[in-house]
Undergrad: 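My questions all concern the structure below.
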Amino acid sequence: MLATATQVSCTNSVAVISLTTAGSASVPASIQWSPIPGSVSGNSLVGTGFPPGVVTVTVVDIVGCVKTITINILPAPPPVTFTVQNLTGSYSITCTNPTINLAAISNYTYGTINYSWSSPSFTANTSTVSISAPIPSLVVLGIDPATGCFQQTTLAIGINTAVPVNTVNPLSQVIT
């Protein structure tokens, strides 16, 4: 007997166990699930909706041969969460504030988060960036490479780099 399991993940909310048994289709085997799945296909070779924990599958053929396997269904990983913290205090690039420093902060403990910032000038997998070039928005993607779970955040970046113009009126004045 061969069993494959599809685990619960951030992209898959249902655990599935599929069995392949040897023998003739005209002599079906008896399949016992523990715990009983949420649903079973017509031929009992596929069970879905298992809770996290150990699942035991026992197959008994017509001759009485017994094969038992156990499969550990892992709980779903938590969603990836992070916030982008502005270290410079402003989301606008100006003449007096030519750089914005940002840091992705997370208390995610299930695994490591790799960060990807939308501009090609940023280094991959870094949690901090400095922006000095005019870009209208910034997309930050945080992904757990072990689970494939991710979060995406978009930030608007203001740009005001026009040189200020000063005028004095009147142009000259005599003071006595």
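This structure is a prediction, so every number in the text was calculated from the model and none was measured.
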Undergrad: Ignoring hydrogens and geometry, is there a side-chain-to-backbone donor-acceptor pair from S118 to V139 under 3.5 Å?
TA: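 A pair under 3.5 Å: yes.
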Undergrad: Count I, L, V, M, F, W, Y as connected when their side-chain heavy atoms are under 4.5 Å apart, and connections chain through other members. Are V140 and I143 then in the same cluster?
TA: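 No: no chain of side-chain contacts under 4.5 Å links V140 to I143.
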Undergrad: Give me the atom names and distance for the closest heavy-atom approach of Q151 to V80.
TA: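 Distance-wise, the nearest heavy atoms are OE1-O, 3.2 Å.
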Undergrad: Applying side-chain hydrogen bond (donor to acceptor under 3.5 Å, both in side chains), can you list everything that pairs with T88, at least two apart in sequence or on another chain?
TA: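 Residues passing side-chain hydrogen bond (donor to acceptor under 3.5 Å, both in side chains) with T88: N86.
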Undergrad: Are L102 and L87 joined in one hydrophobic group, where the rule is that I, L, V, M, F, W and Y side chains link up if heavy atoms are under 4.5 Å apart?
TA: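 Looking at the clustering, L87 is in a separate group from L102.
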Undergrad: Would you say the side chain of W33 lies within less than 4.5 Å of the side chain of I17, judging by non-hydrogen atoms?
TA: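 Yes. Closest side-chain heavy atoms under 4.5 Å.
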Undergrad: Below 4.5 Å, heavy atoms only, C-beta onward: do V59 and S30 meet side chain to side chain?
TA: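 With C-beta onward as the side chain, the pair stays apart.
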Undergrad: Going by heavy atoms in the side chains, are V54 and I73 under 4.5 Å from each other?
TA: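 Result no, sub-4.5 Å side-chain heavy-atom pair not found.
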Undergrad: Specify the closest pair of heavy atoms between G148 and C10, including all atoms of both residues, with the distance to one decimal.
TA: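 Taking every non-hydrogen atom into account, C-SG, 3.8 Å.
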Undergrad: Side chains of T56 and T68, heavy atoms from C-beta outward: is any pair under 4.5 Å?
TA: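 T56 vs T68: side chains touch.
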Undergrad: If we only count heavy atoms from C-beta on, is the D144 to T112 side-chain gap below 4.5 Å?
TA: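 No, every pair of side-chain atoms sits at 4.5 Å or beyond.
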Undergrad: Taking the side chain as C-beta and beyond, is there a heavy-atom pair between I31 and V57 under 4.5 Å?
TA: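 A side-chain contact exists here, since the closest heavy-atom pair is under 4.5 Å.
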Undergrad: Which atom names give the shortest non-hydrogen contact between S18 and V46, and what distance separates them?
TA: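 Where S18 meets V46 most closely, the heavy atoms are OG-CG2, 3.9 Å.
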Undergrad: Might you confirm whether atom CZ of F150 has over 12 heavy atoms from other residues, nucleotides or ligands at distances under 6.0 Å?
TA: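 Counting other residues, nucleotides and ligands, CZ of F150 stays at 12 neighbours or fewer.
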Undergrad: Nearest 0.5 Å, please: how far is CG in L138 from CH2 in W117?
TA: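 Answer for the CH2-CG pair, W117 versus L138, is 6.0 Å.
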Undergrad: Between F82 and T153, does the side chain to side chain contact (heavy atoms under 4.5 Å, CB included) criterion hold? Intermediate values first, please.
TA: CA-CA 9 Å; F82 67 90; T153 300; 3.9 Å; yes
Undergrad: Is there a side-chain contact between P35 and P51 (heavy atoms, below 4.5 Å)?
TA: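 Answer yes - side chains close enough.
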Undergrad: T99 versus S130: any side-chain heavy-atom pair under 4.5 Å?
TA: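 In short, these two side chains touch, coming nearer than 4.5 Å.
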Undergrad: What closest approach, in Å, do Y115 and A104 show between heavy atoms, and which atom pair accounts for it?
TA: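 Here Y115 and A104 meet closest at CE2-CB, 3.4 Å.
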Undergrad: Is it the case that more than 12 heavy atoms not belonging to I159 sit under 6.0 Å from its CD1 atom?
TA: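 Counting neighbours around CD1 of I159, more than 12 heavy atoms of other residues, nucleotides or ligands fall under 6.0 Å, so yes.
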Undergrad: Could you tell me whether the side chain of N97 and the main chain of S92 form a donor-acceptor pair under 3.5 Å?
TA: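 Checking the backbone N and O of S92 against the side chain of N97, a donor-acceptor pair under 3.5 Å is found.
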Undergrad: Rounded to the nearest 0.5 Å, what separation is found between the OG atom of S127 and the CD1 atom of I105?
TA: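 Rounded to the nearest 0.5 Å, the OG-CD1 separation comes out at 6.5 Å.
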Undergrad: Is it true that S137 and T154 share a donor-acceptor pair across their side chains at a distance under 3.5 Å?
TA: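 The criterion, which ignores hydrogens and geometry beyond distance, is not satisfied for S137 and T154.
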Undergrad: Where do Y110 and P77 come nearest, in terms of heavy atoms and distance?
TA: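 Taking Y110 first and P77 second, the nearest heavy atoms are CE2-CB, 3.4 Å.
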Undergrad: I would like to know whether N101 and T128 meet side chain to side chain contact (heavy atoms under 4.5 Å, CB included); could you show each step before the answer?
TA: CA-CA 7 Å; N101 297 317; T128 59; over 6 Å; no
